[in-house]
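Let me begin by presenting the structure, written as structure tokens, before commenting on it.
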Amino acid sequence: MTQLHTLLAIVTKRITPTAAERKAMERLKDEVLAVTETVLAEDDLDFVIAGSFSRDTWMPDKKEFDLFIRFPMEVSREELETKAIDYGELIAEKLRGTYTIAYAEHPYVRAKIMGFDVDIVPCYNVPAAHAIKSSVDRTPFHNRWLNKNLPKKLVPDVRLLKQFLKNNDLYGSDTKTEGFSGYLCELLTIQYKGFVPLLRAAAGWTAGQVILDPSGHRPKATIKGDFKRQSLVMIDPVDPARNVAAVVSPANFMRFVLLSKRFLHLPAQSFFFAKPKPVNLPVLERLWKQRHTKLLLVTFPCPDVIPDILWPQLRRAETRLRNILTEHEFAVLNSLAWSDEERVCALLFELEVWELPDVRKLVGPQIAAKRHADEFLHKYEKSARVWVEQDFWVADAPRAFPIAHEKLQDTLGDREKVLLAKGIPSYLAKQIAKQHKVLEDAAVFRFAKQHPGFKKALADFFTRDWS
């Protein structure tokens, strides 16, 4: 056995559920199925257990599975949602579990039963994946396809891939992570027939990489045009019009490529089980001071929305404020969006230029363009020095906001309606209009001391290096 195979055998043993864990999961599954059958008997509804548990690719640190209740196509969305919540609550109560109502495309019940997480999700019993009425309708088809096409011998390889990604913050298709879903992990493992062959292939991937689905539904030539500017394209075998890897961000795609190269060059357990590095704030602050940059941090209360809505809005707000600063000639070196998803949100900007002269030079129209020249003169002759350079009118005009902090405060200090007009997303605009702060420099590190999640994000912000 080679050194690589020995290493992977050790890792596989650590991430494979024990006999006791399997027995507990099987017992829960049997009880959930029995209770569900009783609860749904009156309406004669179909149901199915989906997710990695049904294929034995689940991880021991993630004790969960999904129960899908399938409604007839003629049922209205309103009736589906109402009945699904009633059924979900009743199933959880009969199993002596606790539950909350969660929201994705439509509401569902998130239950805690016997120490396990069980999501009870409604969907439509559609005839084919391309005929879905909501995105979750596709899941039972994924389940069926994988149960048929994932060989048992590849199950350990799926777990290796999941652990490899999880350890490097690349696992998860949620909008915060923008990484690899469990379904994508299984498809990639099937496509390349194992974890190591996948990494060997990934080491040679380039942006825009297209992977044909194992069923070969579509010729490669027709794919690239449909998925422009997507870093990784993996065609869904049950819905050839869908890219399973659409959520994978360009940065996460590139990180996976680089990690694949590094692991193959020098395999180590640290790729699967890295020890968290302690964050030393005084060291980080010294590192920042050596950069001679300016830090501005916008903080505001977290809106009451699900994370999959929150994170895209945070990133849009980050981009919009970054653009506003740039438009006013404040050069932004780096930026970051962060939230604890419950109490506070934060947008960090590191500036190369944060203070400008009180005046700015405006180049106007050519002197021969009489109408435009008259308009330029009328606009600036009372508020600025105006003269001609070569054949252009120019003005030496007062700068409205010579300090970046002042411009940011001015932008954020408006009513919700104005913030929306400026391009701040809806839920954040409402919160910012109610309450916000703009912190500078050392105050950013004091904020990090109070918020461990932000402290970690700040460490990544200043120490990331992919070279």
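Note that these values count all heavy atoms, side chains included, but never hydrogens, waters or copies made by symmetry.
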List for me each residue that meets side chain to side chain contact (heavy atoms under 4.5 Å, CB included) alongside A131, sequence neighbours excluded, and say none if there are none. P127

What is the ring orientation for W205 with F256, classed by angle as parallel under 30°, tilted 30 to 60°, or perpendicular over 60°? tilted

Describe, in one word, how the ring planes of F272 and F195 are oriented to each other, choosing from parallel (under 30°), tilted (30 to 60°) and perpendicular (over 60°). tilted

Give a yes-or-no answer on whether the side chains of T139 and D66 include a donor-acceptor pair shorter than 3.5 Å. no

Those residues at least two apart in sequence (or on a different chain) that pass ring pair (Phe, Tyr, Trp, His ring centres under 6.0 Å) with H142 are Y183

Do F454 and F447 make the cut of ring centroids closer than 6.0 angstrom? yes

Any side-chain donor paired with an acceptor under 3.5 Å for E178 and W311? no

Under 3.5 Å donor-acceptor pairs involving side-chain atoms of residues 111-125, not counting sequence neighbours:
from, atom 1, to, atom 2, distance (Å)
K112, NZ, D117, OD1, 2.8
D119, OD1, R110, NE, 3.2
Y124, OH, V75, O, 2.9
Y124, OH, S76, O, 3.4
Y124, OH, R77, N, 3.2
N125, OD1, R70, NH2, 3.0

In a table with atom names and distances, give each donor-acceptor pair under 3.5 Å that connects a side chain of residues 427-435 to protein atoms at least two apart or in another chain.
from, atom 1, to, atom 2, distance (Å)
Q431, NE2, P301, O, 3.4

Is the CZ atom of R464 crowded by more than 12 outside heavy atoms at less than 6.0 Å? yes

Holding to side chain to side chain donor-acceptor pair (under 3.5 Å), I want the full list of residues that pass it with K422, two or more places apart in sequence or in another chain. D414

Distance-only check: which donor-acceptor pairs under 3.5 Å involve side-chain atoms of residues 17-30, not counting sequence neighbours?
from, atom 1, to, atom 2, distance (Å)
T18, OG1, E21, N, 3.1
T18, OG1, E21, OE1, 3.4
E21, OE1, T18, N, 2.8
R22, NH1, D56, OD1, 2.5
R22, NH1, D56, OD2, 3.1
E26, OE1, K29, NZ, 3.2

Test side chain to side chain donor-acceptor pair (under 3.5 Å) applied to E186 and T57, step by step: CA-CA 8 Å; E186 291 166 320; T57 58; 2.8 Å; yes

Checking side-chain polar atoms at under 3.5 Å, does Y99 have a donor or acceptor matched by the opposite partner on E93? yes

Mind running side chain to side chain donor-acceptor pair (under 3.5 Å) on D137 and S134 for me, showing each step along the way? CA-CA 6 Å; D137 299 343; S134 70; 3.1 Å; yes

